[in-house]
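Take a look at the structure set out below.
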Amino acid sequence: MSSRAFSPADLSAARSWPFQEARALVKRLERMKAPADRPVVFETGYGPSGPPHIGTFGEVARTTMVRRAFEALTGRPSRLVCFSDDMDGMRKVPPHLPNQALLEKHLQMPLTSVPDPFDAEHSSFAHHNNAMLRKFLDQFGFEYEFLSATECYRSGKFDETLIRVLERYDAVMEIILPTLGEERRATYSPILPISPSSGRVLYVPMLEIDPKAGEVLFEDEDGTKVKTPVTGGRAKLQWKADWAGRWFALGVDYEMAGEDLTESVRLSSRIVRALGGEPPAGFNYQLFLDENGKKISKTKGNGITIEEWLAYASPESLSLYMFHNPKAAKKLYFDVIPKVADEYLTWLQKYPSQEGAAALDNPVWHIHEGDPPTDISPVSFALLLNLVNATGTGDPEILRGFVAKYRPNASPEALAAAEKLIGYAARYYEDFVKPKKLYRAPSEQERAALAALSARLKEIGEGAEEEVYHTAAFDAGKANGFEKNIRDWFKGLYEVLFGQPEGPRMGPFVRIYGTANTAKLIDEALAR
RNA sequence: GGGCCCGUAGCUCAGCGGUAGAGCAACUGACUUUUAAUCAGUAGGUCGAUGGUUCGAUCCCAUCCGGGCUCACCA
């Protein structure tokens with residue numbers, strides 16, 4: 001690792017939000033008098049009833065930023081727990097899934113007891129989604145520990161916490177009940193037993209609770225009264241109590257959440273205190289909006305998905321987007337992608353010349369966990385998009401040639417760094433530029449000039465200087481009536497050959513694309 | 001309506017008590033036998049509004065305006 005070292009003075013001068021968050025966490029640990037060698041626990045939560053999405057990425061990326069800032073600040077060990085709420089009952093069958101009938105039969109069962117509707121590869125629906133989550137996180141190289149709620153309950157990891165909830169039952173109820181509607185109030189219990197007869201998660205009131213024995217009495221689905229221990233996976237905590245229980249059981253020190261969960265965090269904090277714990281540090285980040293400032297909703301399909309982002313720009317650029325101002329509602333729509341991609345490059349270029357706190361506050365320090373790469377693409381994404389527009393091609397080979405020409409002094413490493421951008425640009429071309437192309441037929445005059453150019457290029461052959469080709473382009477125009485308006489010649493040439501009024505400088509283009517290919521391009525256009 | 005968050009140049013953001021900054025975009029010029037690129041330069045903000053605290057406020061407080069979330073169920 002070639003990551004830079006920073007002085008304590010630099011570190012305390014860093015003002016970017018991850019450092020501010022890290023300092024808040026430090027204060028919390030001081031208040032708690034936490035032993036300095038105890039690993040500090042960061043958590044992110046995940047609901048395994050659907051695939052991971054751009055918000056999942058954002059939460060883990062941002063949490064990791066705080067984590068690394070904290071480590072830099074304190075040198076203390078830390079862990080990041082990605083927790084899957086996979087013991088939650090399946091309340092309804094998510095539409096769009098295959099095997100609806102099969103799923104229907106398993107309503108109210110813990111998600112880890114619902115069969116995988118996709119294939120037999122995973123032992124349950126939740127296992128399938130958990131695997132997707134891990135694959136998703138791994139592809140970005142996040143460092144984390146995966147934790148399954150089901151395993152935590154069944155293994156006894158949460159036993160102590162469940163008993164504690166029984167011990168503090170009244171205090172917990174007192175906090176939760178006022179937040180519920182009248183109807184729910186009548187049946188609410190922070191403990192949800194798993195029916196021994198049906199395996200479903202039961203939303204029933206507790207008839208008796210016995211903290212000493214660690215048991216509860218409730219009415220099972222078949223009407224029989226059942227007394228059961230709450231431990232070993234025979235019961236779980238309900239919403240409003242389970243988050244607090246998890247904090248308590250895992251000793252979570254830091255967790256952020258979307259602003260829609262602001263009230264939940266507040267409530268859970270009170271509950272964890274009632275259990276005798278201390279709520280984690282953290283903050284509520286804002287949700288994303290679409291181009292018009294409207295909330296992004298999956299059904300409306302506004303905004304963009306992580307797949308869309310990653311099709312046209314790097315994960316690092318998405319991290320940069322996540323880094324910016326997490327407390328402001330940010331617009332997330334297509335046009336921001338190229339802009340953010342180039343902003344990322346700009347920050348990367350700036351980093352080596354920055355010192356102290358300025359470097360620590362540079363987003364790339366956070367995006368790359370303190371160790372930004374030194375090989376930087378010598379061309380911006382905007383330039384590549386221009387190129388793609390100008391050359392009318394998304395052929396990576398041609399783009400590569402132009403990059404090498406534009407940046408003759410670029411190192412092989414830098415050119416390698418540009419490779420990814422070229423791929424994104426090519427994709428962009430295919431999806432956005434190509435469909436908009438409008439080739440027009442040449443005028444008689446243009447036809448003659450184009451034919452002359454084609455013939456001349458074949459004559460010259462490959463390997464000549466750019467200027468030779470460029471001169472040929474001019475000559476063909478001048479010799480066919482464009483001597484006074486050479487601009488029109490080029491405009492027409494582009495419209496006929498590339499389907500747009502602008503195009504590449506012809507000399508370099510021919511040199512890179514080849515005379516035979518260019519001549520072929522012309523001949524095909526004339527034959528169209 | 002209550003609560004929370006946000007509101008600084010066209011855009012994305014920094015600045016968090018001492019006479020407003022960056023990147024991109026825009027514009028001008030140079031260069032290039034079209035485009036793009038490159039280089040040099042210019043312009044652009046009553047820091048959402050109004051009051052208050054202060055010798056002094058973008059920065060603190062209050063109110064208001066605008067945007068988002070949340071306050072039945074579900075997570």
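Residue numbers start from 1 in every chain, and the chains themselves are labelled A, B, ... in the order their sequence lines are given, proteins ahead of strands. Because the structure is a prediction, the values reported are computed rather than measured.
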When we call it a touch if two heavy atoms are under 4.0 Å apart, what does [X] touch: a base, just sugar-phosphate, or nothing?
X        : result
A:Asn325 : sugar-phosphate
A:Lys92  : nothing
A:Asp342 : nothing
A:Phe482 : nothing
A:Leu493 : nothing
A:Thr471 : base

Paired with [N]: which nucleotide, if any, by Watson-Crick or G-U wobble criteria at under 3.5 Å for both distances?
N     : answer
B:A72 : none
B:G45 : none
B:A25 : none
B:A9  : none
B:A37 : none
B:C16 : none
B:U32 : none
B:G56 : none

Candidates [options] - which lies nearest the side chain of [X]:
X        : options            : answer
A:Gln286 : B:C73, B:G23, B:C5 : B:C5
A:Phe474 : B:A75, B:C4, B:U33 : B:U33
A:Leu261 : B:A22, B:A75, B:C4 : B:A75
A:Asp260 : B:C69, B:G23, B:C5 : B:C69

If only side-chain N and O atoms count, and only distance matters, is there a donor-acceptor pair under 3.5 Å linking [Y] with [X]?
X        : Y        : answer
A:Tyr285 : A:Glu59  : yes
A:Asn480 : A:Gln445 : no
A:Asp86  : A:Thr112 : no

Is [X] near enough to [N] that one of its side-chain N or O atoms lies under 4.0 angstrom from OP1 or OP2?
X        : N     : answer
A:Arg91  : B:A75 : yes
A:Arg266 : B:U70 : no
A:Lys330 : B:C13 : yes
A:Tyr203 : B:A75 : yes

Legend entry - A:Phe490 ring over B:U35 six-membered base ring, under 5.5 Å and 30°: no
Quiz: residues 470-477 of chain A side-chain donor-acceptor pairs under 3.5 angstrom, not counting sequence neighbours:
| from | atom 1 | to | atom 2 | distance (Å) |
| --- | --- | --- | --- | --- |
| A:His470 | ND1 | A:Gly507 | N | 2.8 |
| A:Thr471 | OG1 | A:Glu467 | O | 2.7 |

Report the distance from atom [atom1] of [X] to atom [atom2] of [N], rounded to the nearest whole Å.
X        : N     : atom1 : atom2 : answer
A:Leu180 : B:C71 : CG    : P     : 12 Å
A:Phe19  : B:A14 : CZ    : P     : 15 Å
A:Lys339 : B:A25 : NZ    : C1'   : 8 Å
A:Ile176 : B:C73 : CD1   : P     : 12 Å
A:Trp489 : B:U33 : CH2   : C1'   : 15 Å
A:Glu183 : B:C73 : CD    : C1'   : 9 Å
A:His324 : B:C11 : NE2   : P     : 15 Å
A:Arg15  : B:C16 : CZ    : P     : 6 Å

[atom1] atom, [N] versus [M]: distance in rounded Å?
N     : M     : atom1 : value
B:C39 : B:G7  : C1'   : 37 Å
B:A30 : B:C24 : C1'   : 22 Å
B:A40 : B:U46 : C1'   : 32 Å
B:U54 : B:U19 : C1'   : 16 Å
B:A14 : B:U35 : C1'   : 36 Å
B:A25 : B:C11 : C1'   : 7 Å
B:U33 : B:A22 : C1'   : 38 Å
B:U8  : B:G15 : P     : 14 Å

Inset, instruction - Examine A:Phe19 together with A:His366 and report whether their ring centres are nearer than 6.0 Å. - result: yes
Legend entry - Residue mapping more 5' on RNA chain B - nearest nucleotide basis, A:Thr179 or A:Ala329: A:Ala329
Legend entry - CD (A:Glu355) with more than 12 external heavy atoms under 6.0 Å: no
Inset, instruction - May I ask you to check whether over 12 heavy atoms, not counting those of A:Glu151, lie within 6.0 Å of atom CD? - result: no
Legend entry - Polar side-chain contact A:Glu263-B:G3 base: donor and acceptor under 3.5 Å: no
Legend entry - Under-4.0 Å salt bridge between A:Arg400 and A:Asp395: no
Legend entry - Partners passing ring-ring contact (aromatic ring centres under 6.0 Å, His included) against A:Trp309 (at least two apart in sequence or in another chain): A:Tyr321
Legend entry - Cation-pi check, A:Arg91 onto A:Tyr203 ring (under 6.0 Å, within 45° of axis): yes
Inset, instruction - Mark up nucleotides 39-45 of chain B, 5' to 3', with B wherever a protein heavy atom is under 4.0 angstrom from a base atom, S wherever such an atom reaches only the sugar-phosphate, and - elsewhere. - result: -------
Inset, instruction - Determine whether A:Arg447 and A:Leu526 make a side-chain contact, defined as any pair of heavy atoms from C-beta on separated by less than 4.5 Å. - result: yes
